[in-house]
Amino acid sequence: MKKGDLIGITCSSSKMDLQAAEYARGVLTSWGYRVHLGITVGTSFHNFSAPDELRLEELQDMLNDPEIKAIIFGRGGYGMVCIIDKLDFTRFRKHPKWLCGYSDITTLHAHVQRRLGIATLHSMMCSGITPATVDNEYTESLAAALRGKTYRYSAPAHPLNREGRATGILVGGNLSILANLSGTPSQINTKGKILLLEDIGEYRYNVDRMMYNLKRAGWLDNLAGLVVGAFTDGQETDTPFGQSEYEIISNLVKDYDFPVCFGFPSGHQAENYSLKLGVKHELKIGAKTVLAEV
């Protein structure tokens with residue numbers, strides 16, 4: 001993107017506070033972009049920002065508008081799956097633009113990867129651009145991605161890591177969303193890919209169940225590598241499950257030979273790098289550090 005390009009902000013899932021969106025707009029403007037706040041920003045309809053029809057209409061308009069060079073979603077939550085099958089990507093295919101977000105936006109990322117093969121950005125959303133984060137490296141990674149810069153990510157080693165190197169297109173996102181997409185037209189083809197997983201607020205037995213879903217549906221077959229981000233605010237029943245989220249995942253992938261890293265700075269936490277889905281990455285998992293380059 002270039003200075004003066006237009007960014008659209010929409011809330012295609014849950015609602016977002018208008019004041020927070022205006023702060024994010026100010027930051028994006030300081031980076032040199034023009035910013036258009038959609039009418040779903042700052043509005044409320046139960047847990048959603050607006051009824052399905054209005055959220056669909058606004059996102060469709062932004063996808064169609066060739067002047068808009070990136071769409072940064074206000075926040076995740078729930079709601080993208082309600083409108084995904086009604087979106088028309090004909091004009092978007094001719095004039096691609098960055099689609100930036102994570103969490104519930106994983107539905108859109110996966111759908112675009114499966115149906116169109118166009119790169120998208122697993123990144124913080126407007127709700128993540130705050131006075132506390134504006135100057136950190138994770139917000140800077142969003143700025144760098146929008147500017148088209150290459151990026152080298154690093155993370156400390158984790159005891160459960162499986163060392164090795166992998167090269168492949170990065171796909172994935174939120175585990176619960178990906179599991180819900182199994183068997184749908186949005187299920188990603190993961191063969192030869194590097195798969196990213198993260199989640200928030202899930203019961204540990206459900207993380208186990210969702211990982212079995214991915215395994216039985218073939219998501220883990222022939223992976224080039226696995227990157228496990230944050231699993232934030234994990235929940236327990238009265239009887240503890242007996243394993244952490246990372247232990248659950250490690251157990252489910254023990255029979256495969258692809259490299260695996262845990263604790264990568266991505267997901268529902270302050271440490272959330274912007275990652276280019278649909279783009280080839282090189283992953284190096286060593287005894288002391290993890291490096292990923294794009």
Side-chain angles (χ1 to χ4, degrees), residues 70 98-103 105-106 109-110 112-113 117-125 128 133 136-175 177-178 188-200 211 214 219-232 245-246 249-250 252-253 256-294:
W98 281 121
L99 305 175
C100 310
Y102 72 110
S103 191
I105 310 305
T106 296
H109 290 315
V112 169
Q113 293 304 312
I118 293 173
T120 60
L121 201 59
H122 187 277
S123 71
M124 66 171 58
M125 294 171 280
T133 68
N136 70 21
E137 63 183 299
Y138 306 102
T139 303
E140 176 54 33
S141 73
L142 173 59
L146 294 177
R147 295 176 188 134
K149 292 184 177 180
T150 58
Y151 213 86
R152 190 182 195 198
Y153 309 90
S154 64
H158 189 279
L160 293 175
N161 283 2
R162 185 156 62 214
E163 295 179 32
R165 293 191 176 195
T167 301
I169 289 173
L170 183 66
V171 296
N174 184 262
L175 172 59
I177 297 295
L178 295 174
I188 305 166
N189 177 2
T190 56
K191 184 177 181 180
K193 309 289 201 312
I194 298 172
L195 178 62
L196 169 70
L197 298 176
E198 63 83 28
D199 219 320
I200 184 173
M211 287 302 302
L214 297 194
W219 291 70
L220 305 180
D221 296 343
N222 302 306
L223 273 186
L226 178 64
V227 176
V228 184
F231 274 70
T232 312
E245 291 86 354
Y246 286 178
I249 295 172
S250 180
L252 263 292
V253 302
Y256 302 91
D257 61 2
F258 48 74
V260 183
C261 76
F262 291 88
F264 192 83
S266 177
H268 291 76
Q269 60 177 13
E271 299 79 21
N272 185 23
Y273 279 126
S274 296
L275 302 170
K276 297 176 182 178
L277 302 177
V279 175
K280 186 176 288 187
H281 288 65
E282 184 176 6
L283 177 66
K284 304 174 185 176
I285 304 174
K288 295 183 179 180
T289 59
V290 175
L291 297 175
E293 297 179 78
V294 59

**Asked** Are L275 and Y102 close enough, and set up right, to give a side chain to side chain contact (heavy atoms under 4.5 Å, CB included), and what steps lead you there?
**Response** CA-CA 10 Å; L275 302 170; Y102 72 110; over 6 Å; no
Nearest 0.5 Å, please: how far is [atom2] in [Y] from [atom1] in [X]?
| X | Y | atom1 | atom2 | value |
| --- | --- | --- | --- | --- |
| W219 | L226 | CH2 | CG | 12.5 Å |
| L223 | T190 | CG | OG1 | 5.0 Å |
| L291 | S154 | CG | OG | 6.5 Å |
| E245 | T232 | CD | OG1 | 9.0 Å |
| T120 | I118 | OG1 | CD1 | 9.5 Å |
| Y151 | L142 | OH | CG | 10.5 Å |

Side chain [X], main chain [Y], donor-acceptor under 3.5 Å:
| X | Y | value |
| --- | --- | --- |
| N189 | K191 | yes |
| S141 | S274 | yes |
| N272 | S266 | no |
| R162 | Y256 | yes |
| H158 | P156 | no |
| T133 | G128 | yes |

**Prompt:** When you look at V112 and L99, which way does the side chain to side chain contact (heavy atoms under 4.5 Å, CB included) test go after all the steps?
**Reply:** CA-CA 10 Å; V112 169; L99 305 175; 4.0 Å; yes
**Prompt:** Does the pair V228 and I249 meet the rule for a side chain to side chain contact (heavy atoms under 4.5 Å, CB included), with working shown?
**Reply:** CA-CA 9 Å; V228 184; I249 295 172; 3.8 Å; yes
Are [X] and [Y] side-chain neighbours, meaning at least one heavy-atom pair lies under 4.5 Å?
| X | Y | result |
| --- | --- | --- |
| K284 | E293 | yes |
| L146 | W98 | yes |
| L175 | L214 | yes |
| K193 | L170 | no |
| I194 | V227 | yes |
| T139 | M124 | yes |
| I105 | I177 | no |
| S103 | H268 | yes |

**Request:** Decide yes or no on salt bridge (Lys or Arg N to Asp or Glu O under 4.0 Å) for R152 and E282, but give the supporting numbers first.
**Result:** CA-CA 10 Å; R152 190 182 195 198; E282 184 176 6; over 6 Å; no
Taking all atoms of both residues into account, what is the closest heavy-atom pair of [X] and [Y], and its distance?
| X | Y | result |
| --- | --- | --- |
| G173 | L178 | N-CD1, 3.7 Å |
| V294 | K280 | CG2-O, 3.7 Å |
| I188 | G172 | CD1-N, 3.9 Å |
| A155 | P265 | CB-CD, 3.7 Å |
| C100 | S123 | CB-OG, 3.4 Å |

**Message:** Over 60° means perpendicular and under 30° means parallel, so tell me whether Y246 and F262 are parallel, tilted or perpendicular.
**Reply:**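 Y246 and F262: tilted rings.
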**Request:** Using a strict 4.0 Å threshold on nitrogen-to-oxygen distance, state whether E140 and R147 make a salt bridge.
**Result:** yes
**Message:** According to ring pair (Phe, Tyr, Trp, His ring centres under 6.0 Å), who are the partners of Y273, at least two apart in sequence or on a separate chain?
**Reply:**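 Only Y138, Y153 meet the ring pair (Phe, Tyr, Trp, His ring centres under 6.0 Å) criterion with Y273.
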**Request:** Please name all residues satisfying ring pair (Phe, Tyr, Trp, His ring centres under 6.0 Å) with H109, sequence neighbours left out, ordered by chain then number.
**Result:**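 By the ring pair (Phe, Tyr, Trp, His ring centres under 6.0 Å) rule, H109 matches no residue at all.
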**Request:** Report the C-alpha distance between N174 and E198 in whole Å, list the side-chain angles of each, state the deciding distance to 0.1 Å, and finish with yes or no for side chain to side chain contact (heavy atoms under 4.5 Å, CB included).
**Result:** CA-CA 5 Å; N174 184 262; E198 63 83 28; 3.2 Å; yes
**Asked** Does anything in residues 257-279 pair up under salt bridge (Lys or Arg N to Asp or Glu O under 4.0 Å), and if so which pairs, sequence neighbours excluded?
**Response** none
